Undergrad: 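One structure follows; several queries about it will come next.
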Amino acid sequence: MRNRLVRRALELGFDACGVSRATPPESAERYRSWLADGCHGTMGYLERTAEKREDPGRVLEGVRSVVVLAASYHASGWLGEEPGKVGRGVVARYARHDDYHEVLASRLKVLAEEVNRWGGEGTRSLWYVDTGPILERDVAQRAGVGFIGKHTNLIGRRMGNWIFLAEILTTAVIEEDAPERNQCGNCERCLTACPTGAITEPFRLDARRCISYLTIELKGSIPEGLRPAVGNRIFGCDDCLAACPWNRFAVEGRLMAGHRRADFHQPELVEWLALDDAAFRARFAGTPMLRVKRRGLLRNVCVALGNTGSPAEIPALERAASDPEPLVAEHARWAIDQIRRRMEARV
């Protein structure tokens, strides 16, 4: 059954497939400590679902196996960003695609139905694409799909770390794969690459300092002390991922290749700052960027302009400073002040 499962997963477009036993993850205690230290920031759902994340049996009664799928989103043509380019923003590479939840879900549903059929009468399965209460990177390492790097992301020896994960929890008994072991060695490139020092030590991330958290998960104002480090990143951050030397083995993603959004590669900041609600929804429908809503994206655009903008962008920011959304207006005023300070310093 395992061999049939792997063959079918590859046929459906996934780049890797592994199987883990459905026992409590080894990192459960470390996860509890991470929560206790408040490193999850405002992501309260991580704490509310902690008991389920520590025991797959609380997610699906009678679960015996966890199938882990990986899909690469690597695209070699997107390696030449200019982080400080005036007037342009940087979007995390995973978000330069249609929504991966939808792309992977249709294939995952098919595979889960086949697992139920292969498992025989009474077999039950649940599938998730980054939405279930699972410590998925821990399970993925145990399933041999990759290993958790010092930046806390999963790294595949044949895929690098540009990968999406999905899981099928099932009551079927499937032969498990040998776990992967850590391959980081003495390398700490990801720690030194982080612009905000969010990776406080190997294998520990303080989300409250992470640019991905600040620009996506955080719903309120970005702390002023961290805004300069955001640079012109307007949705997520890839710095720790890009620094990983295992990316020399990264493969082009088969499943995601047809869903790339070239218009999200270094977009014009002023153009996005002018979007009203209707235009925002139309531009980002069916993409991960829709989740931050207009207020969140324009907040990020203002910060990026404050860090890299020129006097030419001040009129657009002045219009944003009168936006009816207070979050946008506050960050626009900050951006104007930053640009004017740079102008004065050059005099």
Side-chain angles (χ1 to χ4, degrees), residues 10 14-18 26-27 30 34 39 68-85 90-97 100 130 135-166 177-207 209-213 215-216 229-233 235-257 260 265-266:
L10 297 178
F14 292 100
D15 295 299
C17 174
E26 287 80 359
S27 62
R30 190 164 66 250
W34 182 79
C39 292
V68 181
L69 294 308
S72 169
Y73 61 89
H74 171 61
S76 58
W78 285 346
L79 298 181
E81 288 90 355
E82 297 178 51
K85 189 171 183 180
V90 174
V91 174
R93 293 175 200 175
Y94 87 86
R96 299 178 210 167
H97 297 81
Y100 67 95
D130 194 28
L135 295 182
E136 62 177 8
R137 282 165 287 187
D138 187 296
V139 177
Q141 179 165 314
R142 198 161 57 188
V145 172
F147 60 93
I148 301 172
K150 292 178 182 178
H151 52 17
T152 75
N153 293 287
L154 196 79
I155 303 170
R157 285 199 279 176
R158 292 180 295 277
M159 293 184 292
N161 54 200
W162 309 108
I163 48 180
F164 294 126
L165 293 176
D177 288 277
E180 179 64 281
R181 61 185 181 84
N182 185 270
Q183 303 286 339
C184 288
N186 295 323
C187 178
E188 293 191 347
R189 294 183 191 178
C190 58
L191 277 75
T192 56
C194 180
T196 59
I199 309 172
T200 55
E201 61 184 72
F203 311 108
R204 187 175 178 87
L205 174 77
D206 188 338
R209 299 188 61 83
C210 176
I211 292 175
S212 287
Y213 169 82
T215 58
I216 301 175
V230 173
N232 63 337
R233 302 171 188 84
F235 191 91
C237 178
D238 287 330
D239 286 26
C240 66
L241 295 172
C244 181
W246 282 99
N247 287 328
R248 65 183 181 274
F249 300 114
V251 295
E252 295 278 337
R254 297 183 299 141
L255 199 55
M256 300 304 299
R260 292 173 188 157
H265 179 64
Q266 296 211 280

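The first residue in the sequence is number 1, and the count goes up from there. None of the values given here were measured: they were computed from a predicted structure. Basis for what follows: all heavy atoms, side chains included, without hydrogens, waters or symmetry-related copies.
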Undergrad: Parallel, tilted or perpendicular: which describes the rings of H97 and F164, with under 30° parallel and over 60° perpendicular?
TA: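 Plane angle over 60°, so perpendicular.
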Undergrad: By salt bridge (Lys or Arg N to Asp or Glu O under 4.0 Å), which residues pair with D138, not counting sequence neighbours?
TA: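 Checked D138 against salt bridge (Lys or Arg N to Asp or Glu O under 4.0 Å); zero matches.
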Undergrad: Is E201 paired with R30 through a side-chain N to carboxylate O contact shorter than 4.0 Å?
TA: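 Salt bridge: no.
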Undergrad: What are the two closest heavy atoms between A71 and F14, and how far apart are they?
TA: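 Smallest interatomic distance, heavy atoms only, reads CB-CD2, 4.3 Å.
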Undergrad: Determine, step by step, whether N153 and L241 satisfy the side chain to side chain contact (heavy atoms under 4.5 Å, CB included) criterion, reporting the C-alpha distance in whole Å, the side-chain angles of both residues, the deciding distance to 0.1 Å, and the verdict.
TA: CA-CA 8 Å; N153 293 287; L241 295 172; 3.6 Å; yes
Undergrad: Can you list the steps and then say if D130 with Y100 is a side chain to side chain donor-acceptor pair (under 3.5 Å)?
TA: CA-CA 9 Å; D130 194 28; Y100 67 95; 2.4 Å; yes
Undergrad: Do NZ/NE/NH1/NH2 and the carboxylate oxygens of D15 and R158 come within less than 4.0 Å?
TA: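 Not counted as a salt bridge, because no side-chain N and carboxylate O are separated by less than 4.0 Å.
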Undergrad: State, with a plain yes or no, whether a side-chain heavy atom of C190 is found less than 4.5 Å away from one of C244.
TA: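 No - every pair of side-chain heavy atoms lies 4.5 Å or more apart.
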Undergrad: Salt bridge (charged side-chain N to carboxylate O under 4.0 Å, His left out) for D239 and R233? Distances and angles first, verdict last.
TA: CA-CA 10 Å; D239 286 26; R233 302 171 188 84; 2.9 Å; yes
Undergrad: Would you say the side-chain atoms of S72 pair up with the backbone N or O of E252, donor to acceptor, closer than 3.5 Å?
TA: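 Judged by distance alone, no pair lies under 3.5 Å.
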Undergrad: For R137, what residues pass the salt bridge (Lys or Arg N to Asp or Glu O under 4.0 Å) criterion, not counting sequence neighbours?
TA: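 Salt bridge (Lys or Arg N to Asp or Glu O under 4.0 Å) check on R137 returns nothing, list empty.
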Undergrad: Counting C-beta onward and ignoring hydrogens, is there a side-chain heavy-atom pair between V68 and L165 closer than 4.5 Å?
TA: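 When only atoms from C-beta onward are counted, L165 and V68 do touch, with a gap below 4.5 Å.
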Undergrad: Tell me, please, which residues at least two apart from F203 pass ring pair (Phe, Tyr, Trp, His ring centres under 6.0 Å).
TA: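 Checked F203 against ring pair (Phe, Tyr, Trp, His ring centres under 6.0 Å); zero matches.
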Undergrad: Taking all non-hydrogen atoms of both residues into account, name the closest pair between L135 and S27 and its distance.
TA: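 Closest pair (atom of L135, atom of S27, distance): CD1-OG, 3.7 Å.
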Undergrad: Would you say V251 and H74 make side-chain contact, with heavy atoms under 4.5 Å?
TA: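 Counting from C-beta outward, V251 and H74 never come under 4.5 Å.
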Undergrad: Which heavy atom of G160 sits nearest to which heavy atom of N247, and what is that distance?
TA: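 Minimum heavy-atom separation between G160 and N247: CA-OD1, 3.6 Å.
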Undergrad: Where is the tightest heavy-atom contact between V145 and A16, given as atom of each residue plus distance?
TA: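 Closest approach of V145 to A16: CG1-CB, 4.4 Å.
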Undergrad: Determine the minimum heavy-atom distance between C39 and R204, stating which atoms define it.
TA: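 Residues C39 and R204, closest heavy atoms: SG-NH2, 3.8 Å.
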Undergrad: Identify, with sequence neighbours excluded, every residue that meets side-chain contact (heavy atoms from CB on, under 4.5 Å) alongside T196.
TA: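 side-chain contact (heavy atoms from CB on, under 4.5 Å) check on T196 returns C194, A198, R209, I211, L226, A229.
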Undergrad: Taking all heavy atoms of K150 and all of C187, pick out the closest pair and write down the distance.
TA: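 K150 and C187 have their closest heavy atoms at NZ-O, 2.9 Å.
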Undergrad: Taking the side chain as C-beta and beyond, is there a heavy-atom pair between L205 and T200 under 4.5 Å?
TA: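 L205 vs T200: side chains apart.
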Undergrad: For C237, is there any backbone N or O sitting under 3.5 Å from a side-chain donor or acceptor partner on S212?
TA: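 Yes; judged by distance alone, with no hydrogens or angles, the pair exists.
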Undergrad: Given side chain to side chain contact (heavy atoms under 4.5 Å, CB included), test Q141 with E26 step by step and report yes or no.
TA: CA-CA 11 Å; Q141 179 165 314; E26 287 80 359; over 6 Å; no
Undergrad: Run C184 and F147 through side chain to side chain contact (heavy atoms under 4.5 Å, CB included) and show every step you take.
TA: CA-CA 9 Å; C184 288; F147 60 93; 3.9 Å; yes
Undergrad: Say you draw a straight line from CD1 of I155 to CH2 of W246; how long is it, rounded to the nearest 0.5 Å?
TA: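 Taking CD1 in I155 and CH2 in W246, the distance rounds to 8.5 Å.
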Undergrad: At what distance, to the nearest 0.5 angstrom, does OH of Y94 lie from CE of M256?
TA: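 Y94 OH to M256 CE: 11.5 Å, rounded to 0.5 Å.
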Undergrad: D206: which residues meet the side chain to side chain donor-acceptor pair (under 3.5 Å) condition with it, sequence neighbours left out?
TA: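 So D206 forms a side chain to side chain donor-acceptor pair (under 3.5 Å) with R208.
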Undergrad: Could you tell me if the side chain of R93 sits less than 4.5 Å from the side chain of W162, heavy atoms only?
TA: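 Yes; the side chains approach each other to less than 4.5 Å.
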Undergrad: Determine, step by step, whether N161 and H151 satisfy the side chain to side chain donor-acceptor pair (under 3.5 Å) criterion, reporting the C-alpha distance in whole Å, the side-chain angles of both residues, the deciding distance to 0.1 Å, and the verdict.
TA: CA-CA 10 Å; N161 54 200; H151 52 17; 3.0 Å; yes
Undergrad: Begin from the C-alpha positions of T152 and I199 and carry the test side chain to side chain contact (heavy atoms under 4.5 Å, CB included) through to its verdict.
TA: CA-CA 8 Å; T152 75; I199 309 172; 5.6 Å; no
Undergrad: Only pairs at least two apart or in different chains count here, so list each side-chain hydrogen bond (donor to acceptor under 3.5 Å, both in side chains) that has a residue in residues 180-195.
TA: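 Sorted pair list: R157-E180.
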